[in-house]
Amino acid sequence: MSKRINTFFQPLPSKKPKPDPSIPSSPATYTHHPSYPIPIRDLPSTISTRLSNPPLHSPKAITNHPHLDLLYFQSFLPAPLARELFHFLRTELPFYRVQYTIHRNGIPTSINTPRFTTVFGVDDTSTFIPNPTPNPSSSPILVDSKTHTPTKKYYHTQPRPIPPCLDLLRQAIQTTTSDETKYNFILVNYYASDEDSISYHSDDEQFLGPSPTIASLSLGGTRDFLLKPKPKPKQLQDGSSAVGNSTAKPLKFPLHSGHLLIMRGETQRNWLHSVPKRKGGGGAGGMGRINITFRRAVVPGGTENYYRYNVGDGVVYRWREDEGRMVASAAAAGEVVG
């Protein structure tokens with residue numbers, strides 16, 4: 001009898017807890033480079049494996065407006081993957097709140113960028129190659145694309161190689177979209193709240209070439225993306241011209257986490273786009289939004305421009321989970337990570 005009772009009260013086999021996909025299955029590794037303010041963590045296998053085999057989606061082509069050529073991938077990344085990637089990049093990348101001065105009618109005006117930004121890459125005239133020194137931990141070096149000799153053509157900035165955590169994403173986009181554009185720049189914007197924004201503009205700078213293709217991936221909270229035609233010049237009585245106001249109703253795309261929008265062809269020459277402030281809340285769902293744009297710069301002027309307006313000379317900001325916000329980091333003073 002006691003044997004039966006003892007057998008009855010034997011503890012049940014414990015069930016192994018399900019693995020948390022947000023926790024890497026192996027120790028974290030980091031990519032180091034002298035141009036990085038901090039070592040940048042590589043993607044955990046829970047993310048990188050799925051990015052290496054992204055699901056195939058047929059985009060919606062939007063070409064029913066003059067000089068507008070868009071490809072719209074809804075759910076380019078599945079929601080769980082997009083969510084994990086959002087939290088990873090917000091935590092691991094260095095961000096900046098860039099301040100710069102512009103001149104309006106000869107009067108200097110100070111501008112505070114209304115979002116957090118960071119950027120990586122270099123234009124077509126240069127490239128990063130493995131360091132030829134025998135030290136296996138040596139960082140890639142910047143060389144001229146034609147001669148493969150070290151270059152000093154950049155006087156105001158130090159270009160940064162695209163870290164693996166973003167380069168794998170770049171490869172996934174180029175593979176899935178079958179795009180012939182070889183993106184060499186990645187810009188990351190973090191919209192911390194519905195007050196963060198970017199005003200109407202077009203990416204039609206000469207350093208992007210005559211018909212640039214720009215891929216834009218959204219992660220995190222939903223925000224509206226607006227497009228409107230550029231104002232057309234109007235003829236004045238004296239025969240001169242001036243820019244008229246566009247009365248066309250903007251096109252609106254509510255970009256959700258995992259959505260990919262590609263602007264190409266004549267779009268930048270003829271259309272403006274923006275992410276406006278969102279009144280009444282609800283835009284970022286309390287979690288913020290990351291927008292990653294992939295583009296190709298063709299001359300050094302592009303490299304100088306992107307680092308000036310997306311890195312600048314300010315302090316580094318890092319996401320602090322315990323505070324739920326971006327804070328100025330000790331990285332600028334030599335914080336060691338990894």
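Worth saying up front: this structure is predicted, and the values here are computed from it rather than measured.
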What closest approach, in Å, do [X] and [Y] show between heavy atoms, and which atom pair accounts for it?
X	Y	answer
Phe86	Met287	CZ-O, 3.0 Å
Arg41	Ala28	NE-CB, 3.7 Å
Met326	Phe116	CB-CZ, 3.6 Å
Val299	Thr125	CA-CG2, 4.3 Å
Ser145	Asp124	OG-O, 2.7 Å
Tyr96	Pro94	CE1-O, 4.0 Å

Check against side chain to side chain contact (heavy atoms under 4.5 Å, CB included), Ile186 and Leu169:
CA-CA 10 Å; Ile186 297 181; Leu169 190 57; over 6 Å; no
Drop me the distance from [X]'s [atom1] to [Y]'s [atom2], to the nearest 0.5 angstrom.
X	Y	atom1	atom2	result
Ile111	Thr109	CD1	OG1	6.0 Å
Ile214	Ile262	CD1	CD1	11.0 Å
Ile38	His32	CD1	NE2	10.5 Å
Leu227	Lys252	CG	NZ	13.0 Å
Glu205	His201	CD	NE2	8.0 Å
Gln171	Ile162	CD	CD1	9.5 Å

Answer yes or no: is there a side-chain heavy-atom contact under 4.5 Å between [X] and [Y]?
X	Y	answer
Arg289	Leu255	yes
Cys165	Ile40	yes
Ser197	Val275	no
Ser199	Ser274	no
Gln158	Arg160	no
Ser218	Ser257	no
Leu187	Thr117	no
Gln206	Leu208	no

[X], [Y]: one ILVMFWY side-chain cluster at the under-4.5 Å cut-off?
X	Y	answer
Leu272	Ile62	no
Tyr309	Tyr306	yes
Leu166	Phe128	no
Leu261	Leu226	no
Leu260	Ile47	yes

Do side-chain atoms of [X] reach the backbone of [Y] as a donor and acceptor pair under 3.5 angstrom?
X	Y	value
Thr113	Val98	yes
Thr267	Met263	no
Gln268	Asp203	yes
Thr157	Pro159	no
Thr118	Phe95	no
Arg223	Pro276	yes
Ser52	Ser48	yes
Arg50	Thr46	yes
Asn131	Ser139	yes
Thr303	Val122	no

With a distance cut-off below 6.0 Å to the six-membered ring centre and an angular limit of 45° from the axis, does Lys228 pair with Tyr200 as a cation-pi contact?
yes
Exceeds 12 heavy-atom contacts within 6.0 angstrom, atom [atom1] of [X]:
X	atom1	value
Glu323	CD	yes
Lys60	NZ	no
Asp313	CG	no

Run the salt-bridge test on [X] and [Y] with the 4.0 Å N-O cut-off and return the result as yes or no.
X	Y	value
Lys230	Asp204	yes
Asp69	Arg264	yes
Arg97	Asp196	yes

List the steps and the verdict of side chain to side chain contact (heavy atoms under 4.5 Å, CB included) for Leu51 and Leu43.
CA-CA 10 Å; Leu51 276 183; Leu43 289 172; 3.7 Å; yes
Do [X] and [Y] meet the criterion of a side-chain donor-acceptor pair at a distance under 3.5 Å?
X	Y	answer
Tyr307	His156	no
Thr133	Ser138	yes
Asp123	Tyr154	yes
Tyr183	Arg295	no
Asn184	Arg296	no

Quick one: do Arg278 and Glu195 satisfy salt bridge (Lys or Arg N to Asp or Glu O under 4.0 Å)? Show the steps, please.
CA-CA 7 Å; Arg278 187 152 180 163; Glu195 291 298 309; over 6 Å; no
Do [Y] and [X] have ring centroids that are under 6.0 Å from one another?
X	Y	result
Phe76	His259	no
Tyr190	Tyr317	no
Phe253	Tyr72	yes
Phe185	Phe120	no

His33 vs Tyr36 aromatic rings, parallel, tilted or perpendicular, using cut-offs 30° and 60°?
tilted
Would Thr31 and Asp42 satisfy side chain to side chain donor-acceptor pair (under 3.5 Å), going step by step from the backbone distance to the final call?
CA-CA 7 Å; Thr31 296; Asp42 301 330; 2.7 Å; yes
Just do the side chain to side chain contact (heavy atoms under 4.5 Å, CB included) check on Leu68 and Thr63 with the steps written out, would you?
CA-CA 6 Å; Leu68 183 67; Thr63 58; over 6 Å; no
Is there a side chain to side chain contact (heavy atoms under 4.5 Å, CB included) between Asp144 and Ser126 once you walk through the steps?
CA-CA 5 Å; Asp144 183 89; Ser126 300; 5.5 Å; no
